[in-house]
Undergrad: 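Quick one: the structure is below, and I'll ask about it shortly.
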Amino acid sequence: MAVFLDRLGRLAFRRRWRVLLMWVVALVAAGTASALAPAAPDGSYSMPGTESQRAFDLIEQRFPGVSVGSSAEGASAKIVFVAPDGQKLTDQGNRTVVDEVVGRVAKVDQVVRAADPFEADTVSEDGSTAYASVTFEVKAKDVSDAAKQDLEQAVEAGRDTGLTVEVSGSVLATQPSGGATELVGVVVAAVVLLLTFGSLAAAGLPLLTALIGVGIGTATILALSSALGLSSATSTLALMLGLAVGIDYAMFIVSRYREERARGLAPEDAAGVAVGTAGSSVVFAGLTVVIGLAGLSVVGIPTLTQMGLAAAGTVALSVLVAVTLIPAMLGIFPRAVLARSVRRSGARPDADEDKPNMGTRWARLIVHRPLPVLLVAVAALGVIALPAAQLHLGTAGDESKPTSTTERRAYDDLAKGFGPGFNGPLTIVVDASTADDPKAAVAATAREIGAVDGVVSVSTPSFNEAGDTAIFSATPATAPTDERTVDLIHTLRDDRPAIEKATDATFMVSGSTAGNIDSDQKVQGALVPYLGLVVGLAFLLLLIVFRSVLVPLKAALGFLLSVLAALGAVVAVFQWGWLAGLLGVDQTGPIMNTMPIVMVGIVFGLAMDYEVFLVTRIREAHLQGEHPGQAIVSGFRHSARVVVAAAVIMISVFSGFIGVSETLIKMIGFGMAIAVLFDAFVVRMTIVPAVLALLGERAWTMPHWLERLVPQVDVEGHALTHDAVSKAESIEEGERVDLPAH
């Protein structure tokens, strides 16, 4: 591996302009393709294998031509009216206002229908609350600003009369936005790079190459969005990960290049060694990230599969950029990336190589007291992980929005006027195709379901043209996110055999509330197999890299600690509300059901990143003859500063996405930032050296029978470093290679 990458780095160094041109052409081509590609269709969230999805599929089959699901319908809205205290909407004055508002909305451009609440019987029993259903002829993203403005003006006119008027529905949906926070993350990364390298060129090179890689990746995703039906979250996740790993991967190679130049190697030799050693770590680290992301496909949720594969492709692209474009750029600017003192005097600071730094001081502290450090670190992460035991999965709706929004106020008004279950009705799909009298069977099914404890009411069934399938709504007595609603759905499904026997018809429970519950259960059921797959594959990969059993095992256990602690922090902030205001979380609620498994996949890959970067330098020192304790110190001397800088950069990039309006991305951004903080500084920089110090020589051994089976992969570049040392010694004897005057 190291020899191949060394040759690749040298080739890219020599063919620098061709390599640069190749990547620029790829960027222009991807950008052009994304600009010319048709707009992506509205995404449809499906959950194969669940009852909710089977019910949805049956509706599409038995009700052809009838729009079902938000992806197929035009935009919609609900205008909610609430009378002043002590009054009713049925009072003549209030009724006139409602009629005027509804009539005005009906004339808004792109509105197909605005239902009168008094004619549609959508007035609460006490007459205090009513709602008008509004249907648009276009989808939510195509509703014009003028139409939205006219709708708002009609609502304001109703409010001016003293009524409470609020609006909810898909017409108010906006595209997720991040604002300036994402840019702040990049700026912080630039500052960290500048402080780490002390050179504008060395700081700018990782940023430039990362932007090129992520630009090609996200542009390709946008170009394929229409054909593959990719969601906006797919490109956002790819951008987040591609930017973070792209900067880190480039930084490790540039740092190793500077180190080899400081030892006296010529630019091309230094570039080859840097790509052969640090580049090998980048390749294997990238593979672990790809494994974690691509493994999301085993969950069986198409949206997660798309997100995982798209992000994995972007990470793989970042690896290719790092091992080809970086050495090419080093060929163009061989001196500019060096420290200022080296550029000015031509001095080689290898005399300072053994001088203690923060990394060596920290490593010596841990090596001298490994057991207390290990116990304190594990206990701290364990305490932070405790809230994860209270993790409650769900899907964010209007109830999770801040009360400052009209959607949330409309949700609360409807719950107050019509009951808490009104906002989450269950859709019952009855298949009576085998019944002698389908209409009687459906009616009997509706009566049986309506009699179940926890069901407030059922609507009049609607039949398809064939008359053998019907749909009706069952309104629960409790809110959509209430655990009693979950119990009700399970009760209906458990009682199904008895109801089917009594009615001679079968039914399925669907709707958004049931769909969310099915989604939660599917994700929870897939978590253990998913963890088993990615941890198993990565264990084998690290087994090959380090030729050790205990080091990969330690890496996996450390990952579990960091991810559980990160989940605990997410629960504390987004579910319990701790520090929520500081992070811009306006409303607490259940954790998005897909968030934990996405975060687990990403954190796993990134955790293995730092494991590979740090431990390869420790193993490299051990292979060069140092005893285990000293190898830990040497590894930290060369890698701790860069690993810390890489972690700070990644935390900054992920933190930038906390400002995104989309709840899933906001949670992932925070979860990733806090997970990297825990994993890099507590697990990899603290627990890993403590465990290695306790294990001693045993950390680098494996059974003889296994050693014969595991292929030999020179990730540390052992042969390359020996060659580099020989060349450096030759230079010291009078064959010094002059630095090009670029």
Side-chain angles (χ1 to χ4, degrees), residues 192 195-196 248 251-252 255-256 259 281 349-385 546 548 550-562 564-566 606-651 674-701 716:
V192 173
L195 293 175
T196 302
D248 279 6
M251 186 174 66
F252 276 95
S255 176
R256 187 61 184 253
E259 184 180 324
S281 298
D350 52 342
D352 296 332
E353 186 172 323
D354 295 329
K355 183 179 179 181
N357 56 27
M358 290 298 296
T360 58
R361 296 187 187 98
W362 178 249
R364 283 174 181 148
L365 173 66
I366 296 175
V367 169
H368 290 156
R369 295 176 177 83
L371 187 58
V373 169
L374 177 63
L375 294 177
V376 170
V378 171
L381 289 181
V383 170
I384 298 173
F546 297 122
S548 165
L550 296 178
V551 170
L553 181 61
K554 165 195 59 63
L557 294 177
F559 152 71
L560 291 176
L561 269 176
S562 58
L564 287 175
L606 299 181
M608 297 304 105
D609 268 7
Y610 294 117
E611 179 77 14
V612 171
F613 290 144
L614 187 62
V615 178
T616 49
R617 293 309 299 263
I618 296 174
R619 186 169 187 267
E620 182 179 333
H622 183 258
L623 289 176
Q624 292 174 358
E626 296 185 6
H627 65 80
Q630 184 58 40
I632 295 172
V633 176
S634 297
F636 268 67
R637 174 185 295 114
H638 295 297
S639 60
R641 185 183 181 190
V642 181
V643 168
V644 168
V648 172
I649 289 171
M650 199 167 283
I651 291 169
I674 202 72
V676 170
L677 176 67
F678 293 151
D679 194 83
F681 292 102
V682 182
V683 175
R684 308 305 155 187
M685 299 288 290
T686 304
I687 293 178
V688 165
V691 172
L692 290 178
L694 290 171
L695 291 175
E697 194 66 42
R698 289 171 296 175
W700 310 111
T701 59
E716 297 82 7

Undergrad: In Å, rounded to the nearest 0.5 Å, how long is the span from CD of Glu611 to CZ of Arg684?
TA: 4.5 Å
Undergrad: Evaluate the criterion side chain to side chain contact (heavy atoms under 4.5 Å, CB included) for residue pair Val676 and Tyr610; output intermediate values, then yes/no.
TA: CA-CA 9 Å; Val676 170; Tyr610 294 117; 3.9 Å; yes
Undergrad: Between Phe678 and Val683, does a side chain to side chain contact (heavy atoms under 4.5 Å, CB included) hold up when you go through it step by step?
TA: CA-CA 6 Å; Phe678 293 151; Val683 175; 5.6 Å; no
Undergrad: Rounded to the nearest 0.5 Å, how far does CE of Met685 lie from OG of Ser639?
TA: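 It comes to 7.0 Å.
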Undergrad: Closest approach of Ser281 and Val612, non-hydrogen atoms and distance?
TA: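 Residues Ser281 and Val612, closest heavy atoms: O-CG1, 3.6 Å.
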Undergrad: Give a yes or no on whether the backbone of Met251 and the side-chain of Ser255 come within a donor-acceptor separation of less than 3.5 Å.
TA: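 Answer holds: no.
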Undergrad: What are the two closest non-hydrogen atoms of Ala693 and Ile632, and how far apart are they?
TA: N-CD1, 3.6 Å
Undergrad: Run through Ile618, Thr360, Val643 and flag the one making a side-chain contact (heavy atoms from CB on, under 4.5 Å) with Phe636.
TA: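 Checked Ile618, Thr360, Val643 against Phe636; only one passes side-chain contact (heavy atoms from CB on, under 4.5 Å): Ile618.
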Undergrad: Check for a donor-acceptor pair, side chain of Arg698 on one end and backbone N or O of Leu694 on the other, with a separation under 3.5 Å.
TA: yes
Undergrad: Within the 4.5 Å heavy-atom criterion, are Phe681 and Val644 side-chain neighbours or not?
TA: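 Phe681 reaches Val644 side chain to side chain.
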Undergrad: Treating Thr616 as the side-chain partner and Phe613 as the backbone partner, does any N or O pair qualify as donor plus acceptor under 3.5 Å?
TA: yes
Undergrad: Strictly distance-based, threshold 3.5 Å: is any side-chain N or O of Ser634 a donor or acceptor partner for the main-chain N or O of Ala621?
TA: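 No.
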Undergrad: Rounded to the nearest 0.5 Å, what's the gap from CG on Leu692 to CD on Glu697? Could you check?
TA: 11.5 Å
Undergrad: Assess the residue pair Glu620 and Arg637 against the criterion (salt bridge (Lys or Arg N to Asp or Glu O under 4.0 Å)); give the C-alpha distance rounded to whole Å, side-chain angles, the decisive distance to 0.1 Å, and a yes or no.
TA: CA-CA 12 Å; Glu620 182 179 333; Arg637 174 185 295 114; over 6 Å; no
Undergrad: Taking only residues two or more places apart in sequence, or in another chain, which ones meet Leu553 in a side chain to side chain contact (heavy atoms under 4.5 Å, CB included)?
TA: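 Scan of Leu553 (side chain to side chain contact (heavy atoms under 4.5 Å, CB included), adjacent residues dropped) gives Phe539, Leu557.
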Undergrad: Mind checking the CZ-CG spacing from Phe559 to Leu564? Nearest 0.5 Å is all I need.
TA: 8.5 Å
Undergrad: For Trp700, give me all partners under ring-ring contact (aromatic ring centres under 6.0 Å, His included), at least two apart in sequence or on another chain.
TA: His622
Undergrad: Can you tell if the side chain of Met358 reaches within under 4.5 Å of the side chain of Arg641, non-hydrogen atoms only?
TA: no
Undergrad: Mark yes or no for whether Arg369, through its side chain, and Ile366, through its backbone, hold a donor-acceptor pair below 3.5 Å.
TA: no
Undergrad: What's the separation between atom CG in Leu695 and atom CG in Leu550, rounded to the nearest 0.5 Å?
TA: 5.5 Å
Undergrad: Without swapping roles, check the side chain of Arg619 against the backbone of Phe546 for a donor-acceptor pair under 3.5 Å.
TA: yes
Undergrad: Can you tell which of Asp679, Val682, Ile384, Ile687 makes a side-chain contact (heavy atoms from CB on, under 4.5 Å) with Leu561?
TA: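 Per the side-chain contact (heavy atoms from CB on, under 4.5 Å) rule, the option paired with Leu561 is Ile687, out of Asp679, Val682, Ile384, Ile687.
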